[in-house]
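What you are looking at is a predicted structure, and each value in this text was computed from that prediction instead of being measured. Here is how names work: the chains are called A, B, and so on, in the same order as the sequence lines, proteins then strands, and each is numbered from 1.
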Amino acid sequence: MRMSQRFGRTLREKPAEAEMPSHELLLRAGMISKLAAGIYSYLPLAWRAIKKIEDIMRKEMDAAGAQEMNMPVVHPSDIWEESGRFYQVGPEMVRFKDRSGRDMVLAMTHEEPVTDLARRFIDSHKQLPVVVYHIQTKFRDEPRSRGGLVRVREFVMKDAYSFHADEKSLDEYYPVQCRAYRRICQSCGVPVVQVQGDVGMMGGTGAHEFTYITDVGEDTVLLCPKCGYAANREAACLDKNLGVPEPAEEEIPSQPTKVATPGRDTIASVCEFLGKDPKTSIKTMVYFAGEEPVMVVLRGDLDVNEKKLANLRKVEKVRLAEPEELKSLGLEQGYMSPVGVQGIFVVADDSLSTERAYVAGANEHGYHLVGVVPGRDFRYDVMADIAAAREGDPCPVCGDGLTVKRGIEVGNTFKLGTRYSVPMKAMYQDEKGEMKPLVMGCYGMGVGRLLACVVEANHDEKGIIWPMTVAPYHVHLVALGTSEEARNAAESVYERLLAEGIEVLYDDRDESAGVKFNDADLLGMPIRVTVSERSLKRGGAEVKLRRLPDGEIVALDELPERLKSIIRSEIERILPGEES
RNA sequence: CGGGGAGUGGCGCAGGUUGGUAGCGCGCAUGGUUUGGGACCAUGAGGCCGCAGGUUCAAGUCCUGUCUCCCCGACCA
């Protein structure tokens with residue numbers, strides 16, 4: 001490709017709208033262009049990288065036994081009504097009517113059409129398991145797009161769906177996809193951590209996110225540097241047994257005692273006043289899960305994870321009760337406790353022990369109760385983990401301190417189970433001839449978002465540094481000087497490299513050396529080859545890797561072989577081996 | 001949806017309080033001189049100042065409305 005013919009141009013200055021590096025560099029390189037908020041065009045160079053990323057995905061999906069297909073981007077609303085999501089999801093799904101008045105939607109994901117296909121084509125256990133995938137455009141009218149390609153409204157996603165006869169089969173296959181995901185990211189030069197994700201209100205046993213750790217990310221994950229535990233904030237757990245004072249026998253009185261605690265309406269102030277460890281106090285919060293009030297009790301030093309609570313109560317989200325709502329429930333803010341309350345659902349966090357006594361509110365202004373034993377002095381409807389893990393909390397696996405990091409979620413894997421097959425009646429006949437719902441898994445990965453992460457993970461102050469595996473071109477050939485000799489030499493090098501099947505971007509423009517070098521650095525092809533009077537005098541062409549500071553002179557005759565060998569070794573440097 | 005900011009040639013910005021012929025840098029076009037890290041000279045093209053109303057002899061500038069975009073938050077299968 002000749003730069004003089006290239007569609008798109010480089011920008012010297014940082015566009016005003018760009019915040020994060022990938023956004024700025026892709027814009028400045030003339031690789032993407034915004035049409036509307038969260039809606040981008042990919043110009044030729046970026047599109048070549050996109051196609052390479054897709055091919056890496058195809059290779060790994062094929063290796064994971066998945067078959068590529070394609071599904072529509074416009075769906076009749078019927079299938080979304082069948083699954084129940086037509087009413088469940090909000091305005092992020094675009095809905096419209098076709099000319100004859102039928103309700104249609106724009107695909108925001110493809111569980112519905114793929115489940116429809118499954119029920120049409122899968123009849124027997126003999127066909128299972130089966131895995132399909134497609135790379136398709138989706139549209140979600142996000143409340144807020146941001147960060148260039150990181151969060152957009154229209155995006156291309158690789159989506160795989162697996163169908164199984166039972167949970168066991170899904171459990172066996174699930175790790176195969178996880179492995180493919182790690183390999184895809186690695187092949188693209190994007191280091192990711194596999195973190196446990198929120199399984200959502202459907203429950204289920206498996207959900208993972210593949211996250212590129214970066215300060216500009218919008219996801220929050222908790223990591224254990226010691227043992228490698230990694231979880232999304234929504235799903236993260238902590239070890240609640242560490243550092244809890246041993247309960248001495250005499251500390252459990254036969255009944256709670258009311259004590260005056262004037263003005264002590266926070267855990268910290270009450271515990272300080274009474275000389276207690278916050279780990280021996282009970283924090284009481286009231287939330288609303290829809291219309292239903294829910295009282296949450298947990299150990300005083302912990303915070304509520306609202307996502308866990310929402311999942312427990314099978315709602316989309318919960319909200320903290322307003323002060324007036326507390327009053328109407330007969331509760332006193334700052335002195336609340338589950339002791340004596342009736343007619344309200346009580347969730348106890350499993351940090352609380354029924355074997356020891358705690359400090360709790362007295363449901364009376366200015367008073368607390370000492371010696372409250374969960375289960376004995378108050379009832380709860382369910383005990384579960386609803387605590388939030390925070391920076392420094394003990395790792396649930398090894399007990400070491402957890403670290404909070406930001407990251408970009410490039411992909412996720414999820415055990416769907418029968419969430420879609422049951423309502424949509426996607427059934428198969430088992431060996432005994434019984435009809436059973438298909439057990440499904442889904443595996444999604446954003447192509448454009450991965451491209452953004454490639455740039456985030458591979459750039460410097462001058463521009464992009466493409467990994468060889470996804471680089472739009474392998475070689476950026478720079479012709480310098482106006483002499484006939486140099487020009488001709490560059491032209492013949494270009495022709496030669498093309499003939500040898502090397503992907504080469506050729507800067508044949510009539511620009512100064514500075515402009516060409518700076519553009520080469522910005523565009524970021526992995527190998528730069530310079531042909532000039534100077535290089536010819538030194539015996540050939542200068543070959544320099546974008547990621548390294550210095551180049552070498554290579555004789556023109558040896559150039560194609562030398563470049564091929566660099567390309568090969570650069571690809572091998574990145575590509576994962578058989579094991580990973 | 002809440003808070004903040006911005007819309008003036010392709011990009012980055014000035015002008016606005018004090019209304020009076022729309023400006024700068026980069027880029028682009030033509031010619032010439034240059035050519036190993038964002039060259040120089042000359043000439044030139046390109047903008048109904050987001051849009052719609054209003055005030056005024058006169059609006060980029062003042063008033064009202066509206067749309068769009070960016071950032072923080074809410075939200076995120």
Considering only atom [atom1], compute the distance from [N] to [M] and round it to an integer number of Å.
N	M	atom1	result
B:A59	B:U18	C1'	14 Å
B:G10	B:C48	P	9 Å
B:G20	B:G12	P	26 Å
B:C63	B:A6	P	15 Å
B:C71	B:A39	C1'	38 Å
B:U17	B:C62	C1'	11 Å
B:G38	B:C76	P	50 Å
B:G47	B:G9	C1'	5 Å

Side-chain heavy atoms of A:E54 within contact of A:V156, under 4.5 Å
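The answer is yes; the side chains approach within 4.5 Å.
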
Please list all pairs meeting ring pair (Phe, Tyr, Trp, His ring centres under 6.0 Å) that have one or both residues in residues 7-39 of chain A, counting only residues at least two apart or in different chains.
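Output for this query is empty, none listed.
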
Give the C-alpha distance, both sets of side-chain angles, the deciding distance and a yes or no for salt bridge (Lys or Arg N to Asp or Glu O under 4.0 Å) between A:D303 and A:R390.
CA-CA 9 Å; A:D303 290 332; A:R390 301 156 301 191; 3.2 Å; yes

Selected nucleotide, minimal atom distance to [X] side chain, candidates [options]:
X	options	result
A:R151	B:C69, B:G36, B:C76	B:C76
A:T530	B:A39, B:G36, B:G37	B:G36
A:K34	B:C69, B:G37, B:C76	B:C69
A:D510	B:C76, B:U35, B:G38	B:U35
A:F517	B:C70, B:G36, B:C76	B:G36
A:E511	B:C28, B:C76, B:G36	B:C28
A:R12	B:G27, B:C76, B:A74	B:G27
A:E316	B:C71, B:G37, B:C76	B:C76
A:T482	B:G73, B:U35, B:G38	B:U35

Can you find an N or O donor on one side and an acceptor on the other, under 3.5 Å apart, linking the side chain of A:S532 with the base of B:G36?
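Pair found.
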
Would you state whether a donor and an acceptor, one from the side chain of A:E542 and one from the base of B:G36, lie under 3.5 Å apart?
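A donor-acceptor contact between them is present.
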
Distance test, side-chain N/O of A:S512 to OP1/OP2 of B:U35, below 4.0 Å:
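For B:U35, neither OP1 nor OP2 has a side-chain N or O of A:S512 closer than 4.0 Å.
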
Just to confirm, is there a sub-4.0 Å distance from OP1 or OP2 of B:C75 to any side-chain nitrogen or oxygen of A:K317?
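Checking B:C75 against A:K317, a side-chain N or O does come within under 4.0 Å of OP1 or OP2.
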
Reckon [X] touches a base, only the sugar-phosphate, or nothing at all at heavy-atom distances under 4.0 Å?
X	value
A:S535	base
A:D519	base
A:G148	nothing
A:M157	base
A:S83	nothing

Geometric cation-pi criterion A:R319 and A:F288, 6.0 Å radius, 45° cone
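Cation-pi check for A:R319 and A:F288: passes.
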
Write down the partner of B:C69 under the Watson-Crick or G-U wobble criteria, each distance required to be under 3.5 Å.
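WC or wobble partner is B:G5.
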
Partner nucleotide of B:C49 by Watson-Crick or wobble geometry (both distances under 3.5 Å)
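With both distances under 3.5 Å required, B:C49 matches none.
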
Check ion pair A:R58-A:E68 (N to O, under 4.0 angstrom):
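A salt bridge is present here (some side-chain N lies under 4.0 Å from a carboxylate O).
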
Using a cut-off of 4.0 Å between protein heavy atoms and nucleotide atoms, how would you tag nucleotides 3-14 of chain B 5' to 3' with B, S and -?
-------SBSS-

Residue met sooner reading RNA chain B from 5', once A:R528 and A:T109 are mapped to nucleotides:
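Closest to the 5' end, via its nearest nucleotide, is A:R528.
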
Considering heavy-atom distances to RNA chain B, does A:R153 or A:G481 have its closest nucleotide positioned more toward the 5' end?
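Final value for this comparison: A:G481.
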
Applying side chain to side chain donor-acceptor pair (under 3.5 Å), can you list everything that pairs with A:T413, at least two apart in sequence or on another chain?
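Partners of A:T413 under the side chain to side chain donor-acceptor pair (under 3.5 Å) test: A:Y174.
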
Are there over 12 heavy-atom neighbours, none belonging to A:R119, within less than 6.0 Å of that residue's CZ?
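Result for CZ/A:R119: enclosed.
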
Kindly compute the distance separating CG (A:L480) from CD (A:E542), expressed to the nearest 0.5 Å.
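It is 9.5 Å, given to the nearest 0.5 Å.
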
A:Y181 and its side chain to side chain donor-acceptor pair (under 3.5 Å) partner, picked from A:H208, A:K158, A:Q194, A:E209
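Exactly one candidate clears the test, A:K158.
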
